[in-house]
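Presented below is the structure to which this report refers.
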Amino acid sequence: MDVSQNLTEIKARIEAACRNNNRNSEDITIIAVTKYVTIERTEEVVDAGVLNLGENRQEGFIEKYNHFGNRVSWHFIGSLQTRKVKDIIDKVDYIHSLDRLSLAKEINKRASTVKDCFVQVNVSGEESKHGIQPEDVIQFIEKTSEYANIRIVGLMTMAPHSDDKELLHKVFRELGELRDKVKQRNYQHAPCNYLSMGMSNDYEIAIMEGATHIRIGSKLVGSNM
Ligand SMILES: *Cc1c(COP(=O)(O)O)cnc(C)c1O
């Protein structure tokens, strides 16, 4: 499928979800997840006007970064090994996968400016998923205050792979409630305004529950180019 056609459909669905939930679609950032596709295919999505790209592996990110540079904003969405932080940290704009203190410490040490991070939360409790347990999030965020180069801009989660809409609503709603709790505390280093949640199969539900950043791969650029 043509990327611009896919984008038109996704934008129409975003508009509809926003309209039904009293939200403004300008508050939603589409991150094109390009981890499955080539640079050529990625060109198409950039040409279509999507200027936020997401990659989940250091190698794939560096390859795309070397091509597109700072024409776009870069979102690192995959689990990040501590020893790879130094190779990517000054190239990425956002880290969506902050999930442990040792990683925060390394980011703090290697970044030359303040880095915008999302704390990844394992809301669903699946063992295969990365992320901080919901009940540990506040304490984790408090501990990151000692790292001057870390700004917690939001929370991120991955929903279970499921068609159970109620379950998806519940997972996303829980992340939203947790975000509200963090915000109420007015931490200087953690404005926590954002919610990174929703992928190809569940982004409309995520928007209903307050997502500000949706990460879309297969439905936008495809998955096996
Ligand atoms: C791959 C990936 C996505 C996009 O997945 P699709 O279902 O293809 O839209 C979003 N977020 C993360 C963290 C991913 O690894």
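Order of listing sets the numbers, starting from 1, for every ligand and every atom in it. Quick caveat: nothing in here was measured; it's all calculated off a predicted structure.
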Q. For the side chain of Asn52 and the backbone of Ile31, is there at least one donor-acceptor N/O pair under 3.5 Å apart?
A. no
(Q) Looking at Arg19 and Glu15, is there a salt bridge between them, counting it only when a charged N and a carboxylate O are closer than 4.0 Å? (A) no
**Q.** Nearest candidate to atom 6 (P) of ligand 1, where distance is taken over non-hydrogen atoms, out of Ser79, Ser200, Ser223
**A.** Ser200
Q) Which atoms of ligand 1 are found less than 4.0 Å from any heavy atom of Ile216? A) 9 (O)
Q) Hey, is Tyr36 one of the residues with a heavy atom under 4.0 angstrom from ligand 1? A) yes
Q.
Salt bridge check, Glu55 against Lys35: does any charged N sit closer than 4.0 Å to a carboxylate O?
A. no
Q.
Tell me the contacting part of Lys35 for ligand 1: side chain, backbone, both, or neither, using a 4.0 Å heavy-atom threshold, strictly below.
A. side chain
Q) Below 3.5 angstrom, do we get any N/O pair linking Met158 and ligand 1? A) no
(Q) For Ala16, is there any backbone N or O sitting under 3.5 Å from a side-chain donor or acceptor partner on Asn20? (A) yes
Q. Would you call Glu43 and Lys64 a salt bridge, taking side-chain N to carboxylate O under 4.0 Å as the test?
A. no
Q: Spell out, as yes or no, whether a donor-acceptor pair under 3.5 Å connects the side chain of His67 to the backbone of Ile62.
A: no
**Q.** Shortest protein heavy-atom distance from atom 11 (N) of ligand 1, along with the residue and atom involved
**A.** Arg215 NE, 2.8 Å
Q | Lys219 N/O under 3.5 Å from ligand 1 N/O | A | no
Q: Hey, can you tell me if Phe118 and Tyr94 have their rings parallel, tilted or perpendicular (30° and 60° cut-offs)?
A: tilted
Q) Identify the closest protein heavy atom to atom 10 (C) of ligand 1: which residue and atom is it, and at what distance? A) Met199 SD, 3.2 Å
Q) Among protein heavy atoms, which lies nearest atom 12 (C) of ligand 1, and at what distance? A) Ile77 CD1, 3.5 Å
